[in-house]
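Positions are given from 1 along the sequence. These figures come from a predicted structure and were not determined experimentally. All ligand and atom numbering here is 1-based and tracks the order in the structure.
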Amino acid sequence: MSIDQDDVNQVRVITPALPRGLSASEEETAVRSLLDQQLAALPPVAVRWYYTPMMLPFSAHVPAECIVYDCMDELSAFKNPPPGLLDRERELLAAADVVFTGGSSLYEAKKDRHDNVHAFPSSIDVAHFESARKGVIEPSDQADIAGPKLGFCGVVDERMDIDLLAALADARDDWSIVIIGPVVKIDPASLPKRDNLHFLGARDYADLPAYMSGWSAALMPFALNEATRFISPTKTPEYLAAGLPVISTRIVDVARHYGALEAVQIADTAEQFVQACERAIAKHNDISWRAAADEQLARGSWASTALSMAALIAVERATHSNIEPIVSPTRWPAPQSHHDVMVVGAGFAGAVMAERLADAGFKVLVVDRRPHIAGNAYDRRDAAGLLIHQYGPHIFHTNSDDVFAYLSRFTAWRPYEHRVLADVSGKLVPMPINRTTLNILYDAGLASEDDVEAFLADRAEPITSIRSSADVVISRVGRELYETFFRGYTRKQWGLDPSELDKSVTARVPTRASIDDRYFTDTHQAMPAEGYTRMFEKMLDHPNIELLLGVDFSQVRSGYPHDHLVFTGPIDEYFGYRLGRLPYRSLNFRHETLDCEWLQPVAVVNYPDEQVPFTRVTEYKHLTGDSSPVTSITYEYPAAEGDPYYPIPREENQALFKRYEALAIAEENVTFVGRLATYRYYNMDQVVGQALATARRLIPRLQVAGIEPSVGTAAAAAA
Ligand code: FAD
Ligand code: UDP
């Protein structure tokens with residue numbers, strides 16, 4: 001078995017390697033068990049996606065929230081279809097929640113066989129093929145072929161009308177015909193041989209525009225037979241994007257979708273095909289047809305196809321999952337529907353803004369590129385049934401009665417006071433440093449707060465101007481304790497020495513003379529009783545709020561008109577990094593379930609030793625109150641690349657942020673809020689407080705600007 005991992009796109013291609021000589025059923029059993037082995041190490045499967053029913057027998061047992069049949073061809077019409085294909089397709093149609101067809105004719109063939117079929121005619125990467133219009137340098141194996149050149153790219157198989165190709169070559173020996181693509185299922189010896197007919201073989205997708213740049217027109221010499229009755233060739237829009245007029249035989253979907261374009265000619269006979277090529281070559285330099293073609297291409301972008309498919313899948317997942325749906329079918333917005341406000345991000349900042357605005361009567365669309373709500377606070381049950389925090393431990397604490405009262409509308413609380421131990425050479429001691437920590441480490445016998453102050457005063461180094469995270473600690477506890485608890489941890493966590501970080505970072509963890517070993521001393525300390533995600537569901541469960549999850553803002557910005565935008569993502573990303581990148585620190589999380597009841601005595605153990613690659617280990621049952629004979633934990637490995645989790649507090653970063661902030665202030669009808677959009681190392685409660693204040697200011701501004709709430713009145717907001 002080989003595994004091809006694409007970490008950027010989170011794609012893993014697993015190719016089974018089987019011994020020779022297995023019977024069909026032995027093969028099926030072997031693949032099934034290899035698949036099970038692979039899946040055992042992965043999170044539960046959300047979607048089973050089938051390009052062909054032949055994959056069903058070894059995967060039908062895998063539970064999934066949604067089964068997609070992505071039907072690309074009428075496979076049974078192919079030459080030598082595998083045995084049992086039609087039976088398997090029947091089974092797949094019975095099991096599938098949603099069926100996508102790669103074109104309109106296929107849609108018509110399938111629409112009466114399933115009640116949730118949707119046509120998706122070819123989408124293409126226009127920018128890729130468009131490069132052919134700019135006169136790229138032709139590849140050497142084509143450059144020497146005399147022009148004018150007529151080209152085809154695609155698989156050469158029984159769908160190709162090879163007699164037509166021969167007739168074309170014979171009719172005009174002053175033209176060259178270039179065929180790019182592998183020859184499959186037919187005998188290469190059966191292909192016509194002519195001096196002006198060049199079969200170049202398969203070429204890389206990346207190189208296709210360069211080949212196309214040398215052509216005068218593009219060909220679709222398909223035979224009209226069973227195998228081509230349902231095709232919707234992607235090469236039609238690819239050719240058009242490359243700036244080439246197209247000559248095709250009468251393929252139903254080509255004639256139907258593209259036949260009206262000046263650039264596309266449909267020919268019924270070989271003679272007509274030749275004449276159409278003549279016309280196309282004569283008009284090669286007349287590009288007046290392109291505007292109409294481009295308009296049609298813009299409607300078939302990958303982004304809009306992906307969005308529509310994501311919507312259909314999300315609805316099915318929500319309907320089928322055991323978890324109460326985050327996205328209900330009725331709440332997926334219709335494309336192009338108008339909203340008063342679009343909110344980018346469904347974390348604390350976005351959810352609070354959405355809830356406040358919806359409550360004031362505004363119609364709100366919340367978009368998040370993650371497939372879930374709650375942002376970094378997202379929690380979920382893992383395979384062992386334990387509630388875990390997907391993006392590291394989130395402990396709620398605040399001194400703000402307002403923030404606590406506001407959130408209490410959406411959740412009950414489980415009282416919880418956070419305690420952290422630090423692993424110092426295998427010894428677990430309380431962190432933040434307090435009297436107990438010192439007594440354990442130094443056997444110091446410190447009996448009072450005064451004793452501790454005197455002990456620390458002996459070690460502390462006087463620093464007149466406290467600027468950095470190193471200064472804060474060294475001036476309070478001295479260099480040794482600083483090195484034990486702060487230097488290594490901070491260097492790992494931030495990739496910087498504490499001397500290079502703003503003092504506010506380590507000041508979050510103040511040393512105490514008392515024996516109070518709580519991590520926080522805030523007046524409110526508690527965990528949402530049913531978890532953060534459930535709390536967010538309640539916040540967003542409002543008739544004025546619709547959700548688009550799993551889609552990036554850039555994909556939907558223009559597709560969903562809105563009067564105002566609330567942006568909670570990274571501010572530099574919003575402005576296309578035009579002033580340079582703001583640095584963020586990232587983390588990788590390793591989630592594990594251990595076969596023991598408890599791993600550690602408290603929820604979080606910190607590992608300040610720089611040699612240990614992770615910073616801390618969290619054991620969730622302490623936080624959630626779950627009980628189980630097993631226990632789920634998370635290791636945190638700091639990283640330079642990845643999701644932007646932490647703004648990095650440094651003077652120079654703040655200076656760059658200020659320049660972005662100036663752009664933000666000038667940006668009409670956009671509000672920036674949250675940890676990433678205001679580049680502040682904020683805790684959850686601070687983000688909630690910031691969002692509440694921002695909403696209080698924004699609502700009257702929207703009203704003054706004449707954005708009338710779509711639903712209800714604004715009276716509620718004023719209350
Ligand atoms: P986020 O939660 O980051 O939400 C922003 C959302 O916007 C994301 O879901 C993102 O996918 C989405 N988004 C961004 N760009 C786009 C785009 N272009 N298109 C669509 N969607 C987009 N705070 C505490 O109070 N206590 C803790 O114990 C605590 N622990 C933490 C532990 C870790 C490991 C981390 C990283 C943070 C912790 N925090 C804690 C801080 C807390 O996570 C944040 O304060 C809070 O989540 C910030 O909320 P937000 O809405 O501003 O940002
Ligand atoms: N810190 C440290 N050692 C520790 C705990 C914290 O050096 O054992 C420093 C480190 O720089 C960290 C900062 O103090 O990033 C703030 O810690 P906190 O626990 O508040 O960070 P969080 O992960 O909650 O943002």
Side-chain angles (χ1 to χ4, degrees), residues 342-353 366-378 389-398 403 418 420-424 429 431-433 469-470 472-473 482-494 496 498 501 504-510 519-520 522 525 527 532 536 548-557 567-571 573-574 584-587 589 603-608 615-616 618 623 634 636 638 643-649 672-678 680-688 690-691:
M342 179 186 279
V343 174
V344 179
F348 269 103
V352 172
M353 292 299 292
V366 179
V367 180
D368 201 301
R369 60 184 162 209
R370 287 170 168 161
H372 57 71
I373 56 173
N376 285 342
Y378 173 67
H389 296 187
Q390 178 79 16
Y391 307 102
H394 278 69
I395 291 99
F396 188 79
H397 56 101
T398 188
V403 166
H418 193 44
V420 174
L421 296 172
D423 183 310
V424 178
V429 298
M431 181 72 188
I433 300 170
S469 266
V472 174
V473 183
Y482 158 75
E483 284 174 7
T484 305
F485 288 98
F486 286 90
R487 192 177 64 180
Y489 189 103
T490 304
R491 286 162 73 121
K492 287 193 288 187
Q493 170 72 10
W494 299 96
L496 292 168
L501 270 172
S504 60
V505 176
T506 51
R508 288 165 61 94
V509 190
Y519 205 67
F520 309 112
D522 304 52
Q525 304 192 31
M527 298 293 287
Y532 289 98
F536 275 77
L548 266 176
L549 299 178
V551 293
D552 195 276
F553 167 53
S554 57
Q555 287 174 268
V556 293
R557 178 175 204 167
F567 189 80
T568 78
I571 189 168
E573 181 187 315
Y574 177 89
Y584 294 92
R585 189 70 174 158
S586 192
L587 289 172
F589 302 100
V604 172
V605 173
N606 284 0
Y607 288 83
T615 48
R616 56 186 180 186
T618 301
L623 298 176
T634 298
E636 284 169 65
D643 277 0
Y645 290 121
Y646 293 86
I648 304 180
F672 294 82
V673 57
R675 173 151 146 147
L676 303 170
T678 62
R680 287 188 174 90
Y681 183 13
Y682 267 176
N683 291 328
M684 295 181 280
D685 64 319
Q686 294 169 298
V687 171
V688 173
Q690 185 196 43

Novice: I need the Q686 CD to R680 CZ distance, nearest 0.5 Å.
Specialist: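 Rounded to the nearest 0.5 Å, the CD-CZ separation comes out at 10.0 Å.
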Novice: Looking at atom 1 (P) of ligand 1, what's its closest protein heavy atom, distance included?
Specialist: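 Residue, atom and distance for the closest contact: N376 N, 4.0 Å.
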Novice: Of all the non-hydrogen atoms in the protein, which one sits nearest to atom 1 (N) of ligand 2, and at what distance?
Specialist: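 Answer for atom 1 (N) of ligand 2: Y489 CD2, 3.6 Å.
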Novice: When you look for heavy atoms under 4.0 Å from ligand 1, do you find them on the side chain of R616, its backbone, both, or neither?
Specialist: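 Only the side chain of R616 comes within reach of ligand 1.
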Novice: If you have a sec, work out which protein heavy atom is nearest atom 19 (O) of ligand 2 and how many Å separate them, to one decimal?
Specialist: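 I find the closest protein heavy atom is Y519 OH, 2.6 Å.
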Novice: Just let me know how V673 lines up against ligand 1, side chain, backbone, both or neither, with a heavy-atom cut-off below 4.0 Å.
Specialist: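 Contact part for V673 vs ligand 1: neither.
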Novice: Is there a donor in the side chain of N376 and an acceptor in the side chain of R675, or the other way round, less than 3.5 Å apart?
Specialist: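 No, because no side-chain N or O of N376 sits under 3.5 Å from a partner of the opposite role on R675.
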Novice: Please work out whether any backbone atom (N, CA, C, O) or any side-chain heavy atom from C-beta onward of E573 is under 4.0 Å from ligand 1, and answer side chain, backbone, both or neither.
Specialist: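 Looking at E573 and ligand 1, just side chain atoms fall under 4.0 Å.
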Novice: Of all the non-hydrogen atoms in the protein, which one sits nearest to atom 32 (C) of ligand 1, and at what distance?
Specialist: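 Closest protein heavy atom to atom 32 (C) of ligand 1: P393 O, 3.4 Å.
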Novice: Answer with yes or no whether P570 contacts ligand 1, where contact means a heavy atom under 4.0 Å from a ligand atom.
Specialist: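 The answer is yes: ligand 1 sits under 4.0 Å from a heavy atom of P570.
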Novice: Looking only at distance, does D368 have an N or O less than 3.5 Å from an N or O of ligand 1?
Specialist: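 N/O-N/O distance under 3.5 Å: yes.
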Novice: How far is atom 21 (N) of ligand 1 from its nearest protein heavy atom, and which residue and atom is that?
Specialist: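 Of the protein heavy atoms, R369 N, 3.0 Å lies nearest.
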Novice: Quick check: F567 and ligand 1, any N/O pair under 3.5 Å apart?
Specialist: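 In this structure, F567 places no N or O atom under 3.5 Å from an N or O of ligand 1.
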Novice: Which protein non-hydrogen atom lies closest to atom 40 (C) of ligand 1, naming both residue and atom, and how far is it?
Specialist: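 The protein heavy atom lying closest is H394 CD2, 3.7 Å.
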Novice: Please report whether ligand 1 has a polar contact with Y646, defined as an N or O pair separated by less than 3.5 Å (distance criterion only).
Specialist: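 It does not: no N or O of Y646 is found under 3.5 Å from an N or O of ligand 1.
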Novice: Would G674 count as a polar contact of ligand 1, with the cut-off being nitrogen or oxygen pairs under 3.5 Å?
Specialist: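 There is no such contact.
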Novice: Side chain or backbone of F553 under 4.0 Å from ligand 1, or both, or neither, by non-hydrogen atoms?
Specialist: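 Both the backbone and the side chain of F553 come within reach of ligand 1.
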